[in-house]
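Data first, discussion second: the structure below is written as structure tokens.
Side chains included, hydrogens not; waters and symmetry mates left out as well; all remaining heavy atoms used. In what follows, chains carry the letters A, B, and so on, assigned in the order in which the sequence lines appear, proteins first and then strands, with residues in each chain numbered from 1.
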There are 2 protein chains.
Amino acid sequence: MAVVDRREQVLHAAAQSFSLFGYKATTMDQVAKIANVGKGTIYTFFENKEELFDEILLGAIRELRHRAEAEIHAERPFFENVYHALDTIVEFREEHELFLKLSQELRDIGTPQAKAALFKVESVVLQFLERLIRESMDKGAIREGNAEVIAFGILKLFIAMTVEWDMHHPPMRKEELKEHIFTFLTQGFTAAP
Amino acid sequence: MAVVDRREQVLHAAAQSFSLFGYKATTMDQVAKIANVGKGTIYTFFENKEELFDEILLGAIRELRHRAEAEIHAERPFFENVYHALDTIVEFREEHELFLKLSQELRDIGTPQAKAALFKVESVVLQFLERLIRESMDKGAIREGNAEVIAFGILKLFIAMTVEWDMHHPPMRKEELKEHIFTFLTQGFTAAP
DNA sequence: GAATGACCAAATTGTATTTTTAGTCAATCC
DNA sequence: GGATTGACTAAAAATACAATTTGGTCATTC
């Protein structure tokens, strides 16, 4: 390792720039400038812009997964685990500059890399949920079923009730959200007997 | 009424053109040509392009609502009514040229009028669902709750399991879809005792 | 008096020109 | 002598501007 770790410098600068300006508006010149490094140096560590971006994205995804996993407690009921994990994920996504910027970039100019990145994030969340569901089924905590489809449904339902609902309504209180998700996941709408 | 009903001619031509080319690519000259009518004639019946479009859209929405309502039978369980109504709505949306074209237009070029139109369609579907839910609550067929939120959740869940799922997976069989929707709406995932 | 299409301002599209950007590589540095 | 660099290039993107298209009008026609 050199006196100053140039690779780390580049990564740090790139993380900053991608979070602040998004994929497209981040230029390699700018990253080099922020990192106090010649532009050529970047290319000794990363093939190209996309690979550099992938590295940054992977870091963010790793943290997202980490936070979600921290919400899983084997002794807690399935529903509580799902709810808290999803709540954490949505909150993290709404706080993390990179995700915010990429969403905005996708909306505003439809950058393919932003689209691909957010799709990757969704895939990871789905994988996470699917595993949680599978394990809960194995433990007999919930009924058997197609874990992939169920994960997909639960995620979309949660996104709908939080992000999408808030787009045209005053945001729901957390307890109300939890109650609704609870209804869908544990009992449905059949009238109490 | 004149020998030929020019208003009807215009409406018919407009319906054809909007369905075939979408909102933006439909020109008033073209509508006039198809309708065998001078362009000025259109403006004796409709204020402007948007109003003409609104008339066509309203017609399509009226038919959509009509079909959905035909799926509601008071003696059938709530869940069956919801499932068949939504199935009909999604199918109609996937068949009707106008809706298809508007969705494509929104994806490809983001025409504001296409966005507004599809939002209007969703609002109507939500209203329809909300009413069905309210009435079922009043009848005691399902548990009490916030009908608007529940309608929103059910619609998004259904769209997710049909349209969105099919975008990245082989489409679900109808029975499988019905079973999953059934699970969410009537019992949830709690393990059988 | 209903219907029309030539007409116009505004918006859209096409195009030529300039600027910016990702990526390279010969020269430089330590 | 391998790591580092920034001037350089081809390609892409932004800009400026000309040409065309389009929604809407209204004097004229039927």
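- Distance, B:E8 CD to C:dA3 P: 14 Å, rounded to whole Å.
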Name the atoms and distances for all side-chain donor-acceptor pairs under 3.5 Å in residues 109-118 of chain B, with sequence neighbours left out.
| from | atom 1 | to | atom 2 | distance (Å) |
| --- | --- | --- | --- | --- |
| B:T111 | OG1 | B:E105 | OE2 | 2.7 |
| B:Q113 | NE2 | B:E50 | OE2 | 3.2 |

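- Under a 3.5 Å cut-off, the side chain of A:R143 and the backbone N or O of B:G188 do form a donor-acceptor pair.
- Think of B:I34 as one node in a network of Ile, Leu, Val, Met, Phe, Trp and Tyr side chains linked at under 4.5 Å; it has no links at all.
- DNA chain C lies under 4.0 Å from at least one heavy atom of each of the following residues of residues 33-53 of chain B: B:V37, B:G38, B:K39, B:G40, B:T41.
- Pairs passing the salt bridge (Lys or Arg N to Asp or Glu O under 4.0 Å) check and including a residue from residues 123-133 of chain B, sequence neighbours excluded, read B:E69-B:R131, B:E130-B:R134, B:R131-B:E135.
- Applying the side chain to side chain donor-acceptor pair (under 3.5 Å) test to residues at least two apart or on different chains, the pairs with a partner in residues 21-37 of chain B are B:S17-B:T26, B:S17-B:Q30.
- Comparing D:dT4, D:dT22, C:dA3 against the side chain of B:T27 picks out D:dT22 as the nearest.
- In terms of the ring-ring contact (aromatic ring centres under 6.0 Å, His included) criterion, B:F46 has no residue partners (sequence neighbours excluded).
- In this structure, B:D29 atom CG and C:dT4 atom P are separated by 13 Å, rounded to whole Å.
- Contact check, B:R6 against C:dA3: a side-chain N or O comes under 4.0 Å of OP1 or OP2.
- For B:F182, the ring-ring contact (aromatic ring centres under 6.0 Å, His included) test picks out B:F79, with sequence neighbours left out.
- Contacts between residues 98-114 of chain B and DNA chain D, defined by a heavy-atom separation below 4.0 Å, involve no residue at all.
- Residues in residues 166-179 of chain B take part in these side chain to side chain donor-acceptor pair (under 3.5 Å) pairs, two or more places apart or across chains: A:N146-B:E176, A:E148-B:H169, B:E80-B:K178, B:D87-B:K174, B:E91-B:K174, B:R173-B:E175.
- In this structure, A:M28 atom CE and D:dA12 atom C1' are separated by 16 Å, rounded to whole Å.
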Listing time: all N or O pairs from protein to nucleotides 8-13 of chain C that are below 3.5 Å?
| from | atom 1 | to | atom 2 | distance (Å) |
| --- | --- | --- | --- | --- |
| C:dT13 | OP1 | B:K24 | NZ | 2.8 |

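- Here A:E55 pairs with nothing under the side-chain hydrogen bond (donor to acceptor under 3.5 Å, both in side chains) rule; sequence neighbours left out.
- When the ring-ring contact (aromatic ring centres under 6.0 Å, His included) test is applied to A:F21, no partner is found at least two apart in sequence or on another chain.
- Rounded to whole Å, the distance from CZ on A:R7 to C1' on D:dT4 is 17 Å.
- Within the 4.5 Å cutoff, side-chain heavy atoms of B:M161 are placed close to those of B:F184.
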